[in-house]
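A short write-up of the structure that comes next.
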Amino acid sequence: MCPPETPTDFIRTIIQEDLASGKHQSIVTRFPPEPNGFLHVGHAKAICLDFGVAEEFGGRCHLRFDDTNPSKEEQLYADAIQEDIRWLGFDWGEHLYHASDYFEQLFEWACHLIREGHAYVDEQTAEEMRANRGDLNHPGVDSPYRNRPREESMDLFLRMRAGEFEDGAKVLRARIDMASPNLTMRDPAIYRIQHSPHPRTGDQWCIYPMYDFAHGQSDAIEKITHSLCTLEFENHRPLYDWFLEHLPVPAKPRQYEFSRLNLSYTITSKRKLKMLVDGGHVNGWDDPRMPTLCGMRRRGFTPQSIRALCREVGVTRTEGTVDFALLQSLLREELNETAERRMAVLNPVKVIVENWPQGKVEMVTAKNHPSDPLRGSREVPFGGELWIERDDFRIEAPRKFFRLKPGAEVRFKYAYYLTCTGYETDADGEVTEIRCTYDPESKGGNTEDGRKVKGTIHWVHAPSAAAAEMRLYDHLFREPNPEEGGDFLQNLNPDSLKVVSAWVEPDLAQWPAKKAVQMERLGYFCLDPDSSGEHLVFNRTVALRDSWAKLEKKIQQGSAGT
RNA sequence: AACCUGGUGGUGUAAUUGGUAACACAUCUGGUUUUGGUCCAGACAUUUCAGGUUCAAGUCCUGGCCGGGUUGCCA
């Protein structure tokens, strides 16, 4: 067990110093999603940081929706976002806010800028603005409207609000420096005309503030002390500070940037995720293969494992890609402790026990957890007709294959030792039935003579088994970097979802939703919402480590070479 | 090419602020095991390069090299 380590990183160091120096009595952070899509693992890192530091330092964290672009935002997303944050285990208490709560104040501040000569209404088209902005190597050119009288800008801005102009006809710009080497400082647009109803303010407004004009001021209004965001906003920090300096704001929050989370085999671009959904490459935003929090939840990932991932990767300014295997490892670490064991056969082949008394069914005792006796045990039916994994039997087995093969004796876990006496095949050579004899002296899975039986396999009693659909997942992309080659859609893994018909032990027929289970030797599973009393559906959250698969591959390569 | 920014094992982080590279994942070796799981033991880097300061440099200085971001009326 790992001790409860308190993470330390450059942001926490800054906060500690600010607290120690008395710059702040307590800290306030915020998580500011735009309600235009679903949250994904990348957001989880920001959420863990924003809410995490607030918790650690006894401050608070606000949930604030950055709802400044009504043409893209919907209440549906805002609701889903709240559900996802709560699921991760964080709580904003009373502190739910919206940038739209501040529209009136923001508007006043825009007027203030105009009055001070720090903003003007531009009438250039978007194309003209772009052309006159210059580029990386050339300074921009002043707009012909840049030096118009303040009164004129004020009049126009008021009329913009009054709805006199069409979308895009005019725009309010901050008057900063068209020659700034930082492109975001070249007279950025701060208000645009958009005649679309807002989910919260309805048709009250037809002009909306841009992100840059809303974010820092919202932070100031809420007295945010540390405004944490990802690296792509670094270039915006001078503008963030510029507004705070030129406006009569009640506080001077500071922005700090950290690098976003990248996971191998995963994309976390809202736009591209949407392409996967719209293109039918996945079955919706909560498809268990999606890196969305709702998808991961459905797949069976736990909030703890995602939080553990965020703790492990830390907070820095260096950009990199975290191995997806780390998340899986953390998940297994947790589930190994918490999940009870059950048995299921995914790719069944029949076993007939020749010397088993006709029609007899015997209950054997199986532990619910291998190392935790407190989890108890259950009685599982065993008999003369069983299902085992096709893969646990070989007619001709490679060296070191410890499972069933002609003449070999293996342990049927918790039941008996069985020895393979023969098998049947169909016209294609496919094994249709395996015949065995059992040793009556081996009940429970051991004998008094103490003889060694290396192989142990799982099984399900055929007559009492329940049918279940098992959905087995693999990476959505076959390349660690989905962008490899330039087009992520070309790298989709055609085998990312495999659906199989399985047999499961009777107990699984009433398995509770949301409860993780380890199917012995196969992996961790959970019930899918598609499941019904009639039709069981399980998702494999993550497979167990499989060192045999590696060994076998090596054996094959070795024999191929000789 | 301008501005901003980053560079420590395969990957992600750490290193008492100048004192001789630590942790996790991954990989590989062994051992235990009624899950080829778990668990246990071990292996794997001269810190982007070149100089310099110093008794001592991943940490400081100088100069290269390489990577990322920025030219929305998106956030």
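Residues A/Y145 and A/Y120 keep their aromatic ring centres 6.0 Å or farther apart. Aromatic pair A/F103/A/Y208: centroids less than 6.0 angstrom apart. For A/F382 and A/H461, the gap between ring centers reaches or exceeds 6.0 Å. For A/F402 and A/W548, the distance between ring centers is not under 6.0 angstrom.
Residue-level contact check: A/T316 touches the backbone only, with heavy atoms under 4.0 Å from sugar-phosphate atoms and none from bases. Nucleic acid contact for A/L172: none, since no nucleic acid atom lies under 4.0 Å from a heavy atom of the residue. Residue-level contact check: A/A126 touches the bases, meaning some heavy atom is under 4.0 Å from a base atom. At the heavy-atom level, A/E73 lies nowhere under 4.0 Å from the strands shown. Nucleic acid contact for A/N182: none, since no nucleic acid atom lies under 4.0 Å from a heavy atom of the residue. Among the atoms of the strands shown, base atoms are found under 4.0 Å from some heavy atom of A/F401. Among the protein residues, A/M210 comes within range of the sugar-phosphate backbone only, with heavy atoms under 4.0 Å from sugar or phosphate atoms but none that close to a base. Heavy atoms of A/K72 sit under 4.0 angstrom from primed sugar atoms or phosphate atoms, though from no base atom. Among the protein residues, A/N69 comes within range of the sugar-phosphate backbone only, with heavy atoms under 4.0 Å from sugar or phosphate atoms but none that close to a base.
Distance from the side chain of A/N336 is smallest to B/G37 among B/G37, B/G36, B/C73. The side chain of A/L544 lies closest to B/G37, out of B/G37, B/C73, B/U70. Picking from B/U70, B/U35, B/G36 the nucleotide with the shortest atom distance to the side chain of A/E520 gives B/U35. Ranking B/A2, B/G36, B/C25 by closeness to the A/N137 side chain, first place goes to B/A2. Among the nucleotides B/G12, B/U35, B/U70, the one closest to any side-chain atom of A/L136 is B/U70.
Look at the P atom in both B/C4 and B/G9: the space between them is 27 Å, to the nearest Å. The separation of B/G7 from B/C49, taken at their P atoms, amounts to 14 Å, rounded to a whole angstrom. For the P atoms, the distance from B/G31 to B/A24 is 23 Å, rounded to whole Å. Spacing between B/A26 and B/C66 at atom P, rounded to whole Å, works out to 35 Å. When the C1' atom is used for both B/A1 and B/U70, the distance is 14 Å, rounded to whole Å. A distance of about 25 Å separates the C1' atoms of B/A45 and B/C40, rounded to the whole Å. For the C1' atoms, the distance linking B/C60 with B/G19 amounts to 14 Å, nearest Å. Across the C1' atoms, B/U32 and B/A14 are found 32 Å apart, a figure rounded to whole Å.
Taking the 5.5 Å centre cut-off and the 30° plane limit, the aromatic side chain of A/W548 is classed as stacked on B/G36.
The partner of B/G72 cannot be assigned: no Watson-Crick or G-U wobble pair with both contacts below 3.5 Å exists in any strand. Across all strands shown, B/U13 pairs with B/A22; the Watson-Crick or G-U wobble distances both stay below 3.5 Å. Applying the Watson-Crick and G-U wobble criteria (two distances, each under 3.5 Å), B/U62 pairs with B/A50.
Side-chain N/O atoms of A/R130 include none lying less than 4.0 angstrom from OP1 or OP2 on B/C73. One finds a side-chain N or O of A/K550 lying less than 4.0 angstrom from the OP1 or OP2 phosphate oxygen of B/U27. Applying the 4.0 Å criterion to OP1 and OP2 of B/U13, one finds that A/T318 has a side-chain N or O inside that range. Note on A/R133: a side-chain N or O is less than 4.0 Å away from OP1 or OP2 of B/C73. Considering only side-chain N and O atoms, A/R521 lies under 4.0 angstrom from the phosphate OP1 or OP2 of B/G36. Taking side-chain N and O atoms only, A/S547 has a distance below 4.0 Å to OP1 or OP2 of B/G37. Not one side-chain nitrogen or oxygen of A/S371 sits closer than 4.0 Å to the OP1 or OP2 atom of B/U38. Between A/R192 and B/C74 there is a side-chain N or O to OP1 or OP2 distance below 4.0 Å. Taking only side-chain nitrogens and oxygens, A/R317 comes nearer than 4.0 Å to OP1 or OP2 of B/G6. The side chain of A/T68 contributes an N or O atom lying less than 4.0 Å from OP1 or OP2 of B/A75.
Side chain A/R332 to base B/G37: no donor-acceptor pair is found below 3.5 Å. For A/R186 and B/U71, a side-chain-to-base donor-acceptor distance below 3.5 Å is absent, hydrogens and geometry of angles not being considered. Residue-to-nucleotide contacts include a donor-acceptor pair under 3.5 Å from the side chain of A/E319 to the base of B/G67.
Judged by a 6.0 Å distance limit and a 45° cone about the ring axis, A/R161 is positioned over the six-membered ring of A/F107.
Proximity of residues 231-241 of chain A to RNA chain B (heavy atom under 4.0 angstrom from any strand atom) is restricted to A/F233, A/E234, A/N235, A/H236.
In this structure, B/G72 is classed as syn because its glycosidic torsion stays within 90° of zero.
Distance alone, capped at 3.5 Å, places no donor-acceptor pair between the A/E337 side chain and the A/E334 backbone.
The pair A/E362-A/K443 meets the salt-bridge criterion, with a side-chain N (NZ, NE, NH1 or NH2) lying under 4.0 Å from an Asp/Glu carboxylate O. Taking the charged nitrogens against the carboxylate oxygens, A/E34 and A/R64 have no contact shorter than 4.0 Å, which rules out a salt bridge. In summary, A/R342 and A/E340 engage in a salt bridge, as defined by a charged side-chain N under 4.0 Å from a carboxylate O.
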